[in-house]
Amino acid sequence: MQTTAIERVKSAFIAGLWATLASITIGFGFKIWLAQWVAKEDLALYHTSIDIISLSLILMTGFRSSMVVSYSQTQNDKDITNIFRYSLITMVLLTWGVVLPYIKHTLGIQVEYLHLVGIILGMGFKVYFTNQIAMYRMYNISNKVTWMEPLAQILVFFICFYLLGQAAIASLFFSMMLSSLAMAGFMFISRRKQIATTPFDSVNMDPSLVSFVKKSFTASLEAGASILMIYITVLLTIAHFSIEELGDFQVVVRPVITYLTLLFVFPIYRFVLPELAVCVRHSDTLQIKQIKKWIYKLAAIVGSGFFITMLLLKPTAYLPKA
């Protein structure tokens with residue numbers, strides 16, 4: 001029996017919501033635990049470095065939406081994937097050559113070179129496979145990665161800190177690096193079981209692919225501008241506040257912004273947009289209206305529940321007293 005678009009959206013969105021809530025619970029609990037004993041300065045350096053690198057790679061989020069739409073229209077995954085590969089490689093090299101020196105020399109953040117390079121490569125691979133999974137509408141794999149990633153990071157942190165005797169901040173960087181690579185490997189293996197890897201090849205630029213590149217560029221600028229409004233607070237905090245205040249911001253305020261994005265922005269990219277693209281291609285206006293109505297209703301329920309929960313938890317109460 002063939003399911004409708006609204007049924008697929010509901011099923012994937014609700015499963016994704018539970019996976020996201022599990023990820024938030026695990027990740028926020030880990031941050032609270034770290035805040036009890038890791039120096040604020042170390043936490044501030046770690047989160048700030050991750051944020052700045054993420055800001056450069058988050059531009060590839062714009063490619064995700066255009067990849068989904070273009071693939072649903074043309075089914076040309078080979079050329080679409082290769083265009084994305086070349087674009088991602090370029091962005092990773094720019095991040096390596098520009099953002100990394102900016103972190104170490106302009107901002108004066110003392111972080112090991114190996115840690116920063118590992119984070120860039122790990123995040124790059126994760127972005128690549130995340131976008132590819134989204135293009136093929138493999139919702140089940142995407143939802144598994146959502147809750148598996150924080151667990152993998154915690155596991156690697158415990159191995160590095162307790163078994164290998166690494167410092168806390170080094171263990172955090174290694175945990176982010178290796179958990180990103182682990183999730184990239186998981187997505188690669190899971191996707192390959194269903195769809196073969198497209199070859200690395202030249203691109204035949206027909207009108208549809210030219211349109212895809214234009215849409216990707218525009219969507220990347222839109223994603224960059226919207227995310228910059230969030231990340232600019234980190235840069236302003238670095239410039240005008242002390243390292244301890246930056247640590248408080250990164251432990252309390254920054255996670256709340258991140259979790260709101262996880263709950264309300266990413267599910268739209270992952271689940272709603274792919275199905276809307278199919279509905280638009282088939283001119284199914286009834287399904288589009290049903291999806292729109294259901295999303296508005298769910299957003300009101302989830303948003304209210306999230307804010308009430310955060311008010312009851314009072315995250316600042318978990319910070320160590322000065």
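A quick note: this is a predicted structure, and the numbers were derived from the prediction, not measured.
D206 contributes atom CG, which lies 4.0 Å from atom CG of L209 (distance to the nearest 0.5 angstrom). Here the CG-NZ distance, from D284 to K289, works out to 11.0 Å after rounding to the nearest 0.5 Å. The distance from atom CG of L100 to atom OG1 of T95, rounded to the nearest 0.5 Å, is 9.5 Å. To the nearest 0.5 Å, the span separating CE on M67 from CG on D77 amounts to 9.5 Å. Atom NZ of residue K126 and atom CD1 of residue I119 lie 9.5 Å apart, to the nearest 0.5 angstrom. Atom CG of residue L151 and atom OG of residue S179 lie 10.5 Å apart, to the nearest 0.5 angstrom.
When atom types are taken as modelled, the side chain of R85 and the backbone of I89 share no donor-acceptor pair closer than 3.5 angstrom. T146 contributes a side-chain N or O that, together with a main-chain N or O of S142, makes up a donor-acceptor pair within less than 3.5 Å. Between the side chain of S11 and the backbone N or O of E7 there is no donor-acceptor pair closer than 3.5 Å.
Every pair passing side-chain hydrogen bond (donor to acceptor under 3.5 Å, both in side chains) that includes a residue from residues 290-307 is listed here, sequence neighbours excluded: Q287-Q290. For residues 15-26, there are no side-chain hydrogen bond (donor to acceptor under 3.5 Å, both in side chains) pairs, not counting sequence neighbours. For residues 10-39, no pair satisfies salt bridge (Lys or Arg N to Asp or Glu O under 4.0 Å), with sequence neighbours left out.
Within 6.0 Å of the CZ atom in F125, the count of heavy atoms belonging to other residues, nucleotides or ligands does not exceed 12.
In terms of heavy-atom proximity, I26 sits nearest to P150 at CG2-CB, 3.9 Å. Taking all atoms of both residues into account, the shortest heavy-atom contact from S66 to S216 is OG-OG, 2.6 Å. Heavy-atom minimum distance, S49 versus L116: CB-CD2, 4.1 Å. In terms of heavy-atom proximity, G124 sits nearest to V92 at CA-CG2, 4.3 Å. In terms of heavy-atom proximity, A168 sits nearest to V38 at CB-CG2, 4.2 Å. Across all their heavy atoms, R64 and T130 have their closest contact at NH2-CG2, 3.4 Å.
Every side chain to side chain contact (heavy atoms under 4.5 Å, CB included) that V156 has, sequence neighbours left out, goes to C160, S175, L178. Listed by chain and residue number, F158 satisfy the ring pair (Phe, Tyr, Trp, His ring centres under 6.0 Å) test with Y162 (two or more places apart in sequence, or in another chain). With sequence neighbours left out, the salt bridge (Lys or Arg N to Asp or Glu O under 4.0 Å) criterion links D201 to K78.
Hydrophobic clustering (side-chain heavy atoms under 4.5 Å, transitive across Ile, Leu, Val, Met, Phe, Trp, Tyr) groups I189 together with F129. Taken together through direct or relayed side-chain contacts under 4.5 Å among Ile, Leu, Val, Met, Phe, Trp and Tyr, L94 and L88 form parts of separate hydrophobic clusters. No continuous path of ILVMFWY side-chain contacts below 4.5 Å connects I301 to V9, so the two sit in separate hydrophobic clusters. M138 and V68 are not part of a single hydrophobic cluster, where members link through side-chain heavy atoms under 4.5 Å apart. Residues L164 and L34 do not share a hydrophobic cluster, defined by chaining ILVMFWY side chains whose heavy atoms lie under 4.5 Å apart.
If you check the side chains of S72 and R137, you find no donor sitting under 3.5 Å from an acceptor. Counted by atom type alone, N76 and D79 present one or more donor-acceptor pairs between their side chains at under 3.5 Å.
Within the 6.0 Å centre-distance limit, the rings of W37 and F161 are counted as a close aromatic pair. Under the 6.0 Å cut-off for aromatic ring centres, Y136 and Y71 qualify, their centroids lying closer than that.
The aromatic rings of F84 and F63 sit tilted, their planes meeting at an angle between 30° and 60°.
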Verify side-chain contact (heavy atoms from CB on, under 4.5 Å) between I169 and H115, making sure each step is shown before the conclusion. CA-CA 10 Å; I169 188 169; H115 296 161; over 6 Å; no
Does I295 form a side-chain contact (heavy atoms from CB on, under 4.5 Å) with F13? I'd like the steps, not just the answer. CA-CA 9 Å; I295 289 298; F13 202 104; 3.7 Å; yes
Applying side-chain contact (heavy atoms from CB on, under 4.5 Å), run through M176 and L172 and close with a yes or a no. CA-CA 6 Å; M176 174 59 73; L172 283 171; over 6 Å; no
Residues I133, Y128; criterion side-chain contact (heavy atoms from CB on, under 4.5 Å); working and verdict: CA-CA 9 Å; I133 292 298; Y128 171 74; over 6 Å; no
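Checking each of F173, F174, Y46, F30 against F157 for a ring pair (Phe, Tyr, Trp, His ring centres under 6.0 Å) leaves exactly one that passes, namely F30.
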